[in-house]
Amino acid sequence: MCIRDRIKREPCNCRRILSVDDDNYSQMAIGRMLTKLGFSVVKALNGVEALDILNDVKKADLKRCESDRCHIFNLVLTDLHMPFLNGIDLIKAIRDTQADQQNIPIVMLSA
């Protein structure tokens with residue numbers, strides 16, 4: 001593949017965000033706002049659930065878009081304090097173990 005072909009590759013158009021928070025109210029509020037902005041929101045209640053989704057996107061019934069640059073998720077929003085695996089440890093796990101998600105933007109929230 002030549003450089004020109006790489007430049008012409010289409011960006012990921014999934015418009016999908018992974019929201020990780022153990023608080024149902026926060027999940028609902030974030031989900032509504034992002035849905036109104038045209039995003040699809042996949043919810044996880046803790047870091048372990050989020051990693052399960054990232055590890056097995058087929059099990060989570062998520063499909064890649066047509067782009068060869070598809071990352072499934074455009075963004076991960078995570079709470080800081082959660083049971084089982086907190087936000088900081090989740091970020092470390094994503095960066096260390098998720099080869100195709102290592103460069104995904106991650107935003108940490110805390111109420």
Side-chain angles (χ1 to χ4, degrees):
M1 177 185 285
C2 72
I3 293 175
R4 190 176 326 141
D5 292 336
R6 282 189 231 158
I7 293 171
K8 289 184 176 182
R9 291 188 298 181
E10 293 294 318
C12 178
N13 292 315
C14 285
R15 296 195 51 85
R16 193 176 297 131
I17 294 176
L18 178 59
S19 175
V20 190
D21 198 323
D22 60 325
D23 182 73
N24 288 329
Y25 181 76
S26 294
Q27 284 278 31
M28 185 176 63
I30 289 169
R32 283 184 181 168
M33 286 187 286
L34 293 172
T35 300
K36 286 181 180 180
L37 293 172
F39 290 94
S40 170
V41 180
V42 176
K43 298 174 184 175
L45 294 175
N46 57 60
V48 174
E49 249 184 59
L51 287 177
D52 287 344
I53 291 168
L54 290 169
N55 285 327
D56 196 353
V57 294
K58 288 181 184 176
K59 183 179 174 184
D61 197 30
L62 301 173
K63 294 178 176 54
R64 293 186 181 275
C65 66
E66 299 294 321
S67 170
D68 57 349
R69 296 167 137 186
C70 182
H71 294 294
I72 301 292
F73 293 102
N74 301 102
L75 176 71
V76 173
L77 290 174
T78 182
D79 187 21
L80 174 60
H81 301 288
M82 296 178 290
F84 309 115
L85 187 67
N86 67 38
I88 293 172
D89 291 335
L90 172 61
I91 292 171
K92 288 178 186 175
I94 291 171
R95 297 295 187 231
D96 292 343
T97 64
Q98 303 295 319
D100 62 338
Q101 300 286 338
Q102 285 181 342
N103 296 322
I104 189 170
I106 301 173
V107 176
M108 185 173 294
L109 306 170
S110 189

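All values below come from the heavy atoms of this structure, side chains included, with hydrogens, waters and symmetry mates left out.
- Using modelled atom types, no side-chain atom of Asp89 and backbone atom of Leu85 make a donor-acceptor pair closer than 3.5 Å.
- Contact check for Leu18 versus Ile104: no side-chain heavy atoms found under the 4.5 Å cut-off.
- Of all the heavy atoms in Ser19 and Gln27, the pair that sits closest is OG-OE1, 2.6 Å.
- Hydrophobic clustering (ILVMFWY, side-chain heavy atoms < 4.5 Å, transitive): Leu90 and Leu109 are in distinct clusters.
- Here the shortest heavy-atom pairing between Met108 and Gly87 reads CE-C, 3.5 Å.
- Counting heavy atoms from C-beta on, the side chains of Asn46 and Asp22 never come closer than 4.5 Å.
- With rounding to the nearest 0.5 angstrom, the CG atom of Leu45 is 8.5 Å from the CG atom of Asp21.
- Nearest heavy-atom pair across Val20 and Val76 is CG2-CG1, 4.2 Å.
- In the hydrophobic clustering of this structure, Val107 groups with Ile30; members are Ile, Leu, Val, Met, Phe, Trp, Tyr whose side-chain heavy atoms approach within less than 4.5 Å, directly or through other members.
- Nearest heavy atom pair, residue Met28 against residue Lys43, reads CA-NZ, 4.4 Å.
- No donor-acceptor pair under 3.5 Å is formed between the side chain of Asp79 and the backbone N or O of Met82.
- Just one of Ile17, Ile106, Ile53 meets the side-chain contact (heavy atoms from CB on, under 4.5 Å) condition when paired with Phe73; it is Ile53.
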Mind running side chain to side chain contact (heavy atoms under 4.5 Å, CB included) on Ile88 and Leu80 for me, showing each step along the way? CA-CA 7 Å; Ile88 293 172; Leu80 174 60; 3.7 Å; yes
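- Considering every non-hydrogen atom in both Pro105 and Leu75, the closest pair reads O-CD1, 3.3 Å.
- The two atoms that bring Glu49 and Ala44 nearest to each other are OE1-CA, 3.4 Å, heavy atoms only.
- To the nearest 0.5 angstrom, Ile94 atom CD1 is 6.0 Å from Leu51 atom CG.
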